[in-house]
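Everything numeric in this text was worked out from a predicted model, so none of it was measured.
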Amino acid sequence: MRTSCLMMTASMLALPLAAWAGHGPLTTPAQTKAPTYVTAAINDPARKADTVDKAVRMSPQQLAQLLTFTGIKPGDTVIELVPGSGYWTRLFSQMVKPGGAVYTVWPEQMLKYSRKSLMQWKRLAAGKHYADVRALVEPAQTVTAPAKADVVFTSDNYHDYHNIKGLSIAAFDKSVFDALKPGGLFIVIDHIAPAGSGTKDTDTFHRIDPAAVKKEIEAAGFVFAGSSPVLLNPKDPLDIAVFAKSIRGHTSQFAFRFRKPAK
């Protein structure tokens, strides 16, 4: 998810999103003011490189709305799945201060793609500024951390779990459910595939049908708890690879929030 993107307008939110139908009300950016700990995390001097990196697609306003949508707050325990370069981790690390923790989980089956990132992040996490971050490596189907989480977060990687040979998505989603505290949130952001396509594009275009994601995660016991339109882009044809030059950094993405029932 990255590179500067067009700000959402009323006309963009009115687009005929067949891929969005039935996913509940959109939480529009205008409805929520970002808490001070969100803006402080965005303005953290330690992530200056993230603010100028051409791969970052969001304006500070969009980023603030999306971070607010996650529900992450000071004192929280967060599990981030497949953290990559640490873009989100650096933000979460500041948002959970004081007293919180961020566990970045690297699936064993994806290490051949992320070993360099893992080593870089281990060095970064060793610094005092990110003392609340821990890097974990574990089987993809088993999401665990030393403490139950308030939030489990994954960005542009849920579809990748479908590409792990032998992985049961049902077991994976149930593992996320079990890793959360009662009332905890599972935040999923990913590239949108055409409505009705299910999971057939996860390995080719690296996209997934939002309806398929919703069905899978609800089957694990989660309750759908809202969506954000911040990353929707009606100019994305949805039927090309996310790495295609014409759309890279501008893909239309859904942001879903699921809640583990309190009881």
Can you list the residues that meet the ring-ring contact (aromatic ring centres under 6.0 Å, His included) rule with F172, with sequence neighbours excluded? Y161

State, with a plain yes or no, whether a side-chain heavy atom of T70 is found less than 4.5 Å away from one of F153. yes

Side-chain contact, heavy-atom cut-off 4.5 Å: V102 with R134? no

Check D190, N163, D160 against T202 for a side-chain hydrogen bond (donor to acceptor under 3.5 Å, both in side chains) and give me the one that passes. N163

Checking R259 side chain against L185 main chain: does a donor-acceptor pair fall under 3.5 Å? no

Decide yes or no for T77 and Y103: does some side-chain heavy atom of the first lie under 4.5 Å from some side-chain heavy atom of the second? yes

Side chains of V151 and I79: closer than 4.5 Å at any heavy-atom pair? no

Would you call the rings of F222 and F258 parallel, tilted or perpendicular if under 30° counts as parallel and over 60° as perpendicular? perpendicular

CG (N157) and CD1 (I208) are apart, to the nearest 0.5 Å, by 11.5 Å

Can you measure from CG (D50) to CH2 (W88) and round to the nearest 0.5 angstrom? 10.5 Å

Between Q109 and A140, is there a donor-acceptor pair closer than 3.5 Å when you use the side chain of the first and the backbone of the second? yes

Is it true that R207 and D156 make a salt bridge, defined as a side-chain N closer than 4.0 Å to a carboxylate O? no

Short N-O contact, K73 and D76, less than 4.0 angstrom: yes

Are the charged groups of D44 and R90 less than 4.0 angstrom apart, N to O? no

Looking only at side-chain N and O atoms, does E80 offer a donor or acceptor that is under 3.5 Å from a partner on T104? no

Report yes if some heavy atom in the side chain of V152 is under 4.5 Å from a heavy atom in the side chain of I187; otherwise report no. no

Checking S175 against Q141: is there a side-chain donor and acceptor pair closer than 3.5 Å? no

If you look at every heavy atom in T144 and E138, which pair is closest and at what distance? N-OE2, 2.8 Å

Answer yes or no: is there a donor N or O on one side and an acceptor on the other, between the side chain of K260 and the main chain of L180, under 3.5 Å? yes

What's the separation between atom CG in L91 and atom CG in L63, rounded to the nearest 0.5 Å? 5.5 Å

Given side chains that start at C-beta, do those of P98 and P74 come closer than 4.5 Å, heavy atoms only? yes

Which atoms form the tightest heavy-atom contact between H206 and H191, and what is the distance? O-CD2, 3.4 Å

Regarding Q94 and Y37, do their side chains bring together a donor and an acceptor under 3.5 Å, going by distance alone? no

From CA spacing to verdict: side-chain contact (heavy atoms from CB on, under 4.5 Å), Y158, I217: CA-CA 11 Å; Y158 185 87; I217 295 177; 3.8 Å; yes

Just list the side-chain donor-acceptor pairs under 3.5 Å for residues 193-201, sequence neighbours left out, or say none.
from : atom 1 : to   : atom 2 : distance (Å)
S197 : OG     : P194 : O      : 2.6

Run the side-chain contact (heavy atoms from CB on, under 4.5 Å) test on V213 and F254 for me, step by step, so that the C-alpha distance in whole Å, both residues' side-chain angles and the decisive distance to 0.1 Å come before the verdict. CA-CA 10 Å; V213 175; F254 63 86; 3.8 Å; yes

Does L167 belong to the same Ile/Leu/Val/Met/Phe/Trp/Tyr cluster as F186, with side-chain heavy atoms less than 4.5 Å apart forming each link? yes

One should read off an interatomic distance between F92 CZ and D132 CG, to the nearest 0.5 angstrom, of 12.0 Å

Contact check, side chains of I42 and L67, non-hydrogen atoms, under 4.5 Å: yes

Mind listing the closest non-hydrogen atom pair of I247 and A241 along with its distance? CG2-O, 3.5 Å

Scanning both residues in full, the closest heavy-atom pair of S93 with Y130 reads OG-CD2, 3.5 Å

Tell me whether V242 shares a hydrophobic cluster with M58, the cluster being built from Ile, Leu, Val, Met, Phe, Trp, Tyr side chains joined at under 4.5 Å. no

Side-chain touch V133/T89, heavy atoms, less than 4.5 angstrom: yes

Apply side-chain contact (heavy atoms from CB on, under 4.5 Å) to residues V38 and M95 and explain how you reach the verdict. CA-CA 6 Å; V38 167; M95 289 170 65; 3.9 Å; yes

Nearest heavy atoms of A244 and I240, plus distance in Å: CB-CD1, 4.2 Å

Give a yes or no answer on whether the side chain of N233 reaches the backbone of H250 with a donor-acceptor pair at less than 3.5 Å. yes

Atom pair CD1 (I189) and CZ (R257), whose distance is rounded to the nearest 0.5 Å: 11.5 Å

For the CD1 atom of I192 and the CG atom of D236, what is their distance to the nearest 0.5 Å? 7.5 Å

Nearest non-hydrogen partners of P261 and F177, listed with the distance: CD-CE1, 3.8 Å

Verify side-chain contact (heavy atoms from CB on, under 4.5 Å) between L66 and L231, making sure each step is shown before the conclusion. CA-CA 9 Å; L66 204 53; L231 298 177; 3.7 Å; yes

Geometric cation-pi criterion R47 and Y87, 6.0 Å radius, 45° cone: yes

May I ask you to decide if the ring planes of F224 and F256 are parallel, tilted or perpendicular, using 30° and 60° as cut-offs? perpendicular

